Amino acid sequence: MSELRFPWIEVSILVPMIGALWVHFIGNSERSLRHCVVICAATFALTVGELIDFVSLGAFEAHDHWLFLDWLFNRDIFVVDELSSYQLTLVALIFLVTVLATLRTKAPRFSLKLTLVSESLMLATFSCRESWTLILLLVVSTIPPYLELRQRGRCTRIYRIHMGAFVVMLVAGWAWMSMVDVHSSAVLVPGAFLTTACLLRAGIFPLHLWMTDLFEKGTFGTAILFTTPLVGAYAVMRLILPIAPSWAMQSIAILSLFTAVYAGGMALVQREARRMFCYLLLSQSSLVLVGLELVTPIGLTGALCLWVSVGMSLTGFGITLRCIEARISRISLADFHGLYRQMPILSGFFLLTGLASIGFPATVGFVGMELLIEGAVDVYPLVGSMVVIAAALNGIAVLFAYFRIFTGRHNRTLIPMHARPAEKFAVLVLSLLILGGGLYPQPGVASRYHAAKELTRQRQSNPMTEDPEPEASEHEPSESVASVKTTDHDSTITPVYVELDP
């Protein structure tokens with residue numbers, strides 16, 4: 001395995017964890033917010049350095065140069081490869097722009113300590129490929145949102161039920177899987193447990209109620225950070241995709257496709273901005289799962305590209321809504337607010353990120369959506385049509401929300417509504433990445449295509465993914481006819497067909 005020139009992986013995991021301890025001892029919310037921004041910026045710089053170092057190696061996977069955690073973990077637990085290299089940078093970017101766009105008045109309610117702990121766990125999760133360690137990280141990462149709900153005095157019953165079921169099925173499924181013969185039919189039951197657990201974490205219908213509950217009761221920032229990196233899709237890619245047979249993957253793709261269309265329709269009828277964003281995210285993340293489960297190079301490439309674009313664009317879309325909420329409280333979509341004159345920068349960014357999430361031309365999501373549709377049509381033409389319908393519903397929902405929030409009669413306010421410098425910087429960074437990835441998509445698409453081919457090769461080499469072939473009957477003849485050459489008197493060879501007796 002190739003080796004990075006610097007321990008980027010472990011340092012990027014340790015910096016937020018150490019930063020959480022530092023923020024805890026500082027105590028002051030205003031100072032802690034500034035320190036948290038610096039820590040998130042340093043973590044993002046480390047992940048960018050890791051990506052550059054990895055790409056320069058030209059390898060499929062690599063591990064750290066020095067292993068600080070070698071006394072605790074094996075060498076191959078924390079690894080960067082083409083499947084996770086861009087996701088690691090994406091996770092660090094999501095945390096950076098979310099913390100950067102946090103107003104000082106929101107800092108006491110938005111737990112910075114738990115945010116840094118969540119970032120460390122998220123980076124460790126996307127850097128991990130060892131099964132039991134990955135399961136442990138997936139389980140532990142569900143704790144920070146629960147602690148925040150408890151601190152806010154909100155009801156945690158729905159979240160506890162869903163995440164408790166996720167933990168039980170994930171652990172039981174993988175433990176059971178390790179004890180059965182992978183070539184027997186007994187593997188179907190633990191496989192069903194693992195699949196249900198991953199779909200629950202991804203919020204696939206009808207296991208999506210915890211997502212709407214989290215957006216309703218938790219802080220908007222925590223809900224964005226917990227959902228937009230698409231950890232459920234990563235669990236599917238690491239735990240389910242390499243071992244599941246083709247028929248199982250296609251069944252999951254159909255369920256994900258139904259969720260995409262259902263969530264797109266639900267986003268159209270919402271009268272509260274948070275719930276609209278939740279269903280929009282649920283619809284787009286389901287499209288990513290549709291591409292992952294098509295198990296074709298083109299479909300996988302489109303899903304991996306769409307993964308990055310959805311995480312980036314919907315994070316920008318969400319922090320725009322969060323910035324508006326910080327000024328006017330919860331946003332109702334039943335009325336026209338007329339906020340364009342007071343916040344033109346945020347209005348333009350709202351429209352840009354919303355359209356980028358559905359694959360608007362010249363944005364980072366355009367190529368990924370096109371590849372996903374092409375890969376879906378190659379498998380089932382009807383699937384490609386449903387993907388287009390889901391994207392159309394999401395686009396209508398985005399435009400509906402834009403007109404409700406930014407158009408209508410202008411209402412004067414006594415407080416300034418313009419974007420702060422930190423918010424403008426976050427908007428500028430995401431806008432450059434969204435437009436730059438749309439105008440020059442080749443490097444990212446090439447990397448995603450190589451990763452998709454390698455993932456397809458791993459599936460083909462795994463005997464568990466092969467569909468069982470029907471056995472031949474004992475009484476069925478092995479050959480029904482035979483061709484026999486006869487006659488030496490003529491230069492022409494005359495074939496004589498003789499029926500063979502079984």
Side-chain angles (χ1 to χ4, degrees), residues 4 8-10 12-13 16 40 43-55 57 59-64 77-98 118-130 133-134 137-138 141 198 201-202 224-242 281 284-285 287-289 291-292 300-316 357 364-365 367-368 371-372 430 433-434 437 441 443-452 454-455 458:
L4 298 174
W8 303 102
I9 303 174
E10 294 175 356
S12 62
I13 295 173
C40 291
T43 305
F44 176 68
L46 288 170
T47 57
V48 171
E50 176 185 343
L51 177 61
I52 295 173
D53 193 356
F54 173 74
V55 171
L57 292 177
F60 178 76
E61 58 185 7
H63 60 77
D64 273 341
I77 287 184
F78 293 120
V79 174
V80 58
D81 56 17
E82 286 191 345
L83 296 173
S84 61
S85 56
Y86 282 82
Q87 271 70 21
L88 288 168
T89 307
L90 175 65
V91 168
L93 176 65
I94 290 173
F95 276 83
L96 174 60
V97 297
T98 304
S118 298
E119 182 176 14
S120 181
L121 292 173
M122 199 80 69
L123 291 174
T125 300
F126 279 90
S127 302
C128 181
R129 70 176 187 180
E130 200 278 327
T133 307
L134 176 59
L137 291 170
L138 289 172
S141 63
C198 293
R201 181 62 178 84
I224 291 173
L225 296 177
F226 191 66
T227 55
T228 52
L230 307 186
V231 179
Y234 185 77
V236 170
M237 187 176 67
R238 289 298 190 192
L239 299 177
I240 305 299
L241 192 59
L281 173 62
Q284 292 299 108
S285 62
L287 291 180
V288 174
L289 284 177
L292 288 178
L300 285 173
T301 304
L304 294 175
C305 292
L306 190 63
W307 189 341
V308 176
S309 67
V310 166
M312 189 186 307
S313 57
L314 285 183
T315 297
S357 66
V364 68
V367 175
L371 291 174
L372 177 62
L430 286 176
L433 291 174
I434 289 172
V445 174
S447 174
R448 302 299 85 196
Y449 181 67
H450 293 158
E454 179 62 23
L455 192 59
Q458 291 177 3

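From a predicted model like this one, the values you see are computed outputs, not experimental measurements. Basis for what follows: all heavy atoms, side chains included, without hydrogens, waters or symmetry-related copies. Position 1 is the first residue of the sequence; numbering continues from there.
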Check: [X] side chain, [Y] main-chain N or O, donor-acceptor pair, under 3.5 Å:
X: S141; Y: L137; answer: yes
X: W307; Y: P229; answer: yes
X: T315; Y: G311; answer: yes
X: T98; Y: F95; answer: no
X: S309; Y: L306; answer: yes

Could you grab the distance from atom [atom1] of [X] to atom [atom2] of [Y], nearest 0.5 Å is fine?
X: Q87; Y: M122; atom1: CD; atom2: CE; value: 12.5 Å
X: Q284; Y: L289; atom1: CD; atom2: CG; value: 12.0 Å
X: L46; Y: W8; atom1: CG; atom2: CH2; value: 6.5 Å
X: M237; Y: L304; atom1: CE; atom2: CG; value: 6.5 Å
X: L314; Y: S357; atom1: CG; atom2: OG; value: 4.5 Å
X: T89; Y: I52; atom1: OG1; atom2: CD1; value: 8.5 Å

State, to 0.1 Å, how close [X] and [Y] come at their nearest heavy-atom pair, and which atoms those are.
X: P16; Y: T43; value: CG-OG1, 3.5 Å
X: L83; Y: R448; value: O-NH1, 3.9 Å
X: V288; Y: A303; value: O-CB, 3.4 Å
X: E119; Y: A92; value: OE2-CA, 3.9 Å
X: G232; Y: R201; value: CA-CG, 3.9 Å
X: A202; Y: S285; value: O-OG, 4.4 Å

Is there a side-chain contact between [X] and [Y] in this structure, where contact means two heavy atoms from C-beta onward sitting under 4.5 Å apart?
X: T228; Y: L90; value: no
X: T47; Y: L51; value: no
X: L371; Y: V445; value: yes
X: I94; Y: L225; value: yes
X: V231; Y: F126; value: yes
X: Y234; Y: L138; value: no

Worksheet entry | side chain to side chain contact (heavy atoms under 4.5 Å, CB included) assessment of V91 paired with T125 | CA-CA 11 Å; V91 168; T125 300; over 6 Å; no

Worksheet entry | salt bridge (Lys or Arg N to Asp or Glu O under 4.0 Å): pairs with one or both residues in residues 77-98, sequence neighbours excluded |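 Non-adjacent pairs meeting salt bridge (Lys or Arg N to Asp or Glu O under 4.0 Å): D81-R238.
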
Practice prompt. Tell me, with the steps shown, if V310 and L287 meet side chain to side chain contact (heavy atoms under 4.5 Å, CB included).
Written response: CA-CA 10 Å; V310 166; L287 291 180; over 6 Å; no

Discussion item. Would I13 and I9 count as a side chain to side chain contact (heavy atoms under 4.5 Å, CB included) here? Give the steps.
Written reply: CA-CA 6 Å; I13 295 173; I9 303 174; 4.1 Å; yes

Item to complete: Would you sort out whether L88 and S127 count as a side chain to side chain contact (heavy atoms under 4.5 Å, CB included), showing the intermediate values?
Response: CA-CA 7 Å; L88 288 168; S127 302; 3.3 Å; yes

Worksheet item: In this structure, are over 12 heavy atoms from other groups packed under 6.0 Å from Y449 atom OH?
Response: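 Count not over threshold, so no.
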
